[in-house]
Amino acid sequence: MAAPSAAPQRIVIENAAIATVDAHDTEYASGHLVVAGNKIESIGAGRAPEGLENVVRRIDATGHLVTPGLINTHHHFYQWITRGLATDHNLFNWLVALYPTWARIDEPMVRAAARGSLAMMARGGVTTAMDHHYVYPVGSGDLSGAIIGAASEMGVRFTLARGSMDRSEKDGGLPPDFAVETTEGALTATEETVKKYHDASFDSMTQVAVAPCSPFSISTELLREGAALGRRLGVRMHTHGSETVEEEKFCHELFGMGPTDYFESTGFLGEDVWMAHCVHMNDSDIAAFARTKTGVAHCPSSNARLAAGIARVPDMLKAGVPVGLGVDGTASNESGELHTELRNALLINRLGAHREAALNARQALRLGTYGGAQVLGRADSIGSLEAGKLADFVLWKIDGLGHSTIADPVTAIVFGAAAPVTASFVNGKQIVENDRLLTVDEDTIAREARTESQRLARIAAQG
């Protein structure tokens with residue numbers, strides 16, 4: 001007979017306002033959360049149950065709101081070392097300005113940039129991160145391994161969207177010729193990355209998606225074969241879609257159809273796919289996403305920074321399209337954290353056709369939590385606070401100067417300034433305490449990122 005397994009260690013959190021973001025938007029003005037091992041054991045109003053065994057820690061969360069951890073669904077970590085450049089450009093001109101620099105990244109640069117990007121998000125309440133990395137210059141080293149290693153070191157849950165480009169300047173694309181892969185090489189490297197790193201288990205800390213970059217920089221063959229590869233391997237697929245009017249024009253001129261129809265013609269729509277941006281979507285496009293259950297990563301700050309436009313998020317949600325939030329690369333969103341996206345998603349969408357009825361605070365919080373879990377295909381395990389789900393959650397301090405006069409806790413963290421993070425837990429382990437990371441040294445990360453940023457600038461200047 002096998003020996004009985006040891007009883008899990010428990011963490012008890014009490015006296016907190018709680019927004020569960022479950023299917024009923026259940027909230028508690030003063031409630032408890034009990035963690036057993038890496039899962040939520042119980043949640044409810046009032047004090048925790050009496051007689052709990054093996055309690056290793058009790059947290060009095062008076063003055064705090066507990067929410068699911070924030071989930072980032074679109075990012076480009078490497079851009080951390082090229083922030084603050086081309087600040088007055090639209091997307092197309094911004095890409096033209098920055099691709100010559102990005103094409104010179106290498107493994108130490110990518111590692112430093114990944115650590116900086118992850119640190120900024122994690123200390124601001126992100127518990128699940130994602131990186132769409134698609135620049136693999138010849139001879140640049142093990143970039144995917146560097147990114148995944150940085151996420152593991154930080155202690156966040158992570159999805160690497162292994163990107164690729166095979167359409168360079170000589171083929172009418174934007175990237176320099178030496179910064180792209182061959183079609184076959186990209187597919188082979190992507191498959192190897194999935195087989196090496198992807199973990200499909202319930203409490204997986206690392207997953208991999210197949211992610212050709214965008215219509216501007218990939219061939220139709222890479223997109224079509226990428227979709228087939230993702231489905232053969234049983235992983236999700238990701239790309240950029242309908243970001244600008246220029247992309248719409250490009251697709252019509254090159255393929256004789258708009259981006260959504262083009263993606264569908266290659267098999268790149270479906271419940272295992274999510275797209276970044278989706279700013280320029282007509283009614284037919286939204287209906288196609290709803291019909292196929294294709295997800296959207298909404299990146300309001302980046303869309304505004306690059307003057308791309310306002311995505312029709314209220315219409316997508318009404319149609320049943322899964323929508324999460326994304327930081328996008330920090331060369332087009334220099335703040336690099338997801339709380340800004342909660343607030344900007346709400347405010348920017350109110351500038352659109354639906355005005356004040358576009359989004360409310362709870363819808364914004366849902367986009368940044370459960371919506372992100374849907375988009376990443378992990379809604380069964382993260383994104384809401386429910387018994388049996390993984391213990392990824394944040395304690396936001398809302399009784400301080402910035403929030404004490406806002407009576408509603410969810411309104412406080414969405415409409416108000418970025419709330420201090422007293423504690424952030426991933427998989428039942430604390431990674432942030434009082435706005436500081438516990439797993440890494442922030443000052444070292446900042447110093448190393450600055451060094452690599454300066455090195456990249458020197459190399460790019462030499463041409």
For residues 109-116, which side-chain N or O atoms pair as donor and acceptor with protein atoms under 3.5 Å away, sequence neighbours left out?
from: R111; atom 1: NH2; to: E107; atom 2: OE2; distance (Å): 2.8
from: R115; atom 1: NE; to: E153; atom 2: OE1; distance (Å): 3.0
from: R115; atom 1: NH1; to: E448; atom 2: OE1; distance (Å): 2.6
from: R115; atom 1: NH2; to: E153; atom 2: OE2; distance (Å): 3.1

Which pairs of donor and acceptor atoms, one on a side chain in residues 354-361, lie under 3.5 Å apart (sequence neighbours left out)?
from: H354; atom 1: NE2; to: D315; atom 2: OD1; distance (Å): 2.7
from: N360; atom 1: OD1; to: R362; atom 2: N; distance (Å): 3.1
from: N360; atom 1: OD1; to: Q363; atom 2: N; distance (Å): 2.8

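Evaluation of the side chain to side chain contact (heavy atoms under 4.5 Å, CB included) rule for P212 yields S164, V210, I218, L222, L223, F268 as partners, not counting sequence neighbours. Partners of S214 according to the side chain to side chain donor-acceptor pair (under 3.5 Å) rule, which considers only residues two or more places apart in sequence or in another chain, are S217. Considering only residues two or more places apart in sequence or on other chains, A122 meets the side chain to side chain contact (heavy atoms under 4.5 Å, CB included) condition with M154, V156, I431, L437. Scanning for side chain to side chain contact (heavy atoms under 4.5 Å, CB included) contacts around H280 gives V245, with sequence neighbours left out. Looking at residues two or more places apart in sequence or on another chain, you find a side chain to side chain donor-acceptor pair (under 3.5 Å) between S384 and E386, K389. Residues forming a salt bridge (charged side-chain N to carboxylate O under 4.0 Å, His left out) with R450 (at least two apart in sequence, or on another chain): none. The side chain to side chain contact (heavy atoms under 4.5 Å, CB included) test applied to Q207 returns T159, H198, S204, R378, not counting sequence neighbours. Contacts of R57 classified as side chain to side chain donor-acceptor pair (under 3.5 Å), with partners at least two apart in sequence or in another chain: Q430. With sequence neighbours left out, the side chain to side chain donor-acceptor pair (under 3.5 Å) criterion links E192 to no other residue.
Note on residues 356-415: pairs passing ring pair (Phe, Tyr, Trp, His ring centres under 6.0 Å), not counting sequence neighbours, are F393-F425.
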